[in-house]
Novice: 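One structure, as structure tokens, below. Some questions next.
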Amino acid sequence: MKHKINVTKADIKNGEPGNCDSCAISYALRRKFKTMNVRTEVDGGDIVIKVNDKKYEVNHMQENDVLDFIDTFDNYQDYLSLGDTEFVDPKPISFEIIERS
């Protein structure tokens with residue numbers, strides 16, 4: 001089953017960079033699945049999403065976009081603190097996930 005995940009400005013604002021359980025994507029997953037038991041991480045270049053102990057994968061056509069979002073979200077505050085004004089804040093993103101069998 002496919003699920004569309006919409007990461008909003010509020011998710012980005014409230015999310016905690018570098019925290020697999022409380023990042024912007026995890027906030028969007030909490031809202032979508034109405035549970036606190038979520039986790040989003042990158043393992044060896046693969047996006048690992050868990051919701052209530054079920055594993056999901058990102059639509060392969062959107063993987064690079066989601067990896068770019070995660071990288072930007074996890075690092076943008078560091079760049080800002082270093083005075084890098086060219087670095088762009090993370091923008092809302094939508095993508096599909098599919099339950100792994």
Side-chain angles (χ1 to χ4, degrees):
M1 178 176 217
K2 292 183 184 179
H3 300 276
K4 186 173 183 178
I5 307 303
N6 297 306
V7 180
T8 65
K9 288 181 183 181
D11 297 326
I12 293 167
K13 179 181 176 186
N14 295 322
E16 184 179 336
N19 185 328
C20 298
D21 300 319
S22 296
C23 68
I25 292 175
S26 289
Y27 268 85
L29 292 168
R30 288 178 186 177
R31 189 176 58 257
K32 174 72 176 183
F33 290 96
K34 297 176 181 25
T35 183
M36 295 295 287
N37 190 12
V38 300
R39 186 168 184 83
T40 305
E41 60 186 276
V42 178
D43 182 20
D46 294 326
I47 303 164
V48 179
I49 294 176
K50 295 179 185 173
V51 178
N52 292 328
D53 298 322
K54 290 183 183 179
K55 292 184 179 181
Y56 293 83
E57 58 188 36
V58 174
N59 178 322
H60 72 281
M61 298 293 288
Q62 299 170 310
E63 280 181 318
N64 286 335
D65 293 336
V66 176
L67 284 169
D68 288 345
F69 174 85
I70 292 169
D71 182 58
T72 300
F73 179 78
D74 282 349
N75 297 301
Y76 80 102
Q77 291 178 342
D78 291 338
Y79 285 103
L80 290 175
S81 69
L82 295 172
D84 187 348
T85 57
E86 292 182 31
F87 199 76
V88 179
D89 290 347
K91 305 286 186 237
I93 186 173
S94 294
F95 59 92
E96 288 183 344
I97 59 173
I98 303 161
E99 187 176 344
R100 290 185 189 172
S101 49

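Remember, predicted model here, so these are calculated numbers, not experimental data.
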Novice: For Phe95, give me all partners under ring-ring contact (aromatic ring centres under 6.0 Å, His included), at least two apart in sequence or on another chain.
Specialist: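 With sequence neighbours excluded, Phe95 shows a ring-ring contact (aromatic ring centres under 6.0 Å, His included) to no residue whatsoever.
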Novice: Measure across Arg100 and Tyr56 and return the closest heavy-atom pair with its distance rounded to 0.1 Å.
Specialist: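 Smallest heavy-atom distance, with atoms named: NE-O, 4.1 Å.
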Novice: Do Asn64 and Asp68 have side-chain atoms, one donor and one acceptor, less than 3.5 Å apart?
Specialist: no
Novice: If every non-hydrogen atom of Arg31 is compared with every non-hydrogen atom of Asn6, which pair is closest and at what distance?
Specialist: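 Shortest heavy-atom separation between Arg31 and Asn6 comes out as NH2-O, 2.6 Å.
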Novice: For the residue pair Ile97 and Leu29, establish whether any side-chain heavy-atom pair is separated by less than 4.5 Å.
Specialist: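 They are in side-chain contact.
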Novice: Which distance, rounded to the nearest 0.5 Å, do you find between the CD1 of Ile93 and the OG1 of Thr8?
Specialist: 12.5 Å
Novice: Restricting to pairs with a member in residues 37-51, which pass side-chain hydrogen bond (donor to acceptor under 3.5 Å, both in side chains), not counting sequence neighbours?
Specialist: Asp21-Arg39, Ser26-Thr40, Arg39-Glu41
Novice: Decide side-chain contact (heavy atoms from CB on, under 4.5 Å) for Ile49 and Ile5; before the verdict, give the C-alpha distance in whole Å, the side-chain angles of both, and the deciding distance to 0.1 Å.
Specialist: CA-CA 12 Å; Ile49 294 176; Ile5 307 303; over 6 Å; no
Novice: Which distance, rounded to the nearest 0.5 Å, do you find between the CD of Gln62 and the CD of Glu57?
Specialist: 12.0 Å
Novice: I'd like to check Arg30 versus Ser22 (side-chain heavy atoms, cut-off strictly below 4.5 Å). Are they in contact?
Specialist: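 Touching, per the 4.5 Å side-chain cut-off.
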Novice: Could you check Ser94 against Lys4 for side-chain contact (heavy atoms from CB on, under 4.5 Å), going step by step and ending with a plain yes or no?
Specialist: CA-CA 7 Å; Ser94 294; Lys4 186 173 183 178; 3.8 Å; yes
Novice: Of all residues at least two apart in sequence or in a different chain, which pass the side chain to side chain contact (heavy atoms under 4.5 Å, CB included) check with Lys9?
Specialist: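 Per chain and number, Lys9 pairs via side chain to side chain contact (heavy atoms under 4.5 Å, CB included) with Pro92.
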Novice: Closest approach of Phe69 and Pro90, non-hydrogen atoms and distance?
Specialist: CE1-CB, 3.9 Å
Novice: Same hydrophobic cluster for Tyr27 and Val51, using side-chain heavy-atom links shorter than 4.5 Å among ILVMFWY?
Specialist: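 As far as the 4.5 Å side-chain criterion goes, Val51 and Tyr27 are not connected within one cluster.
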Novice: Should His3 and Glu96 count as side-chain neighbours, where that means a heavy-atom distance under 4.5 Å?
Specialist: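 Sidechains of Glu96 and His3: no contact.
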Novice: Of all heavy-atom pairs between Ile12 and Phe73, which one has the smallest distance, and what is that distance?
Specialist: O-CE1, 3.5 Å
Novice: When rounded to the nearest 0.5 angstrom, what distance separates NZ in Lys34 from CG in Asn52?
Specialist: 12.5 Å
Novice: Linking I/L/V/M/F/W/Y whenever their side-chain heavy atoms sit closer than 4.5 Å, directly or via other members, would Ile98 and Val42 fall into one cluster?
Specialist: no
Novice: Take Ile47 and Leu67 through the side-chain contact (heavy atoms from CB on, under 4.5 Å) test and state the conclusion after the steps.
Specialist: CA-CA 7 Å; Ile47 303 164; Leu67 284 169; 3.6 Å; yes
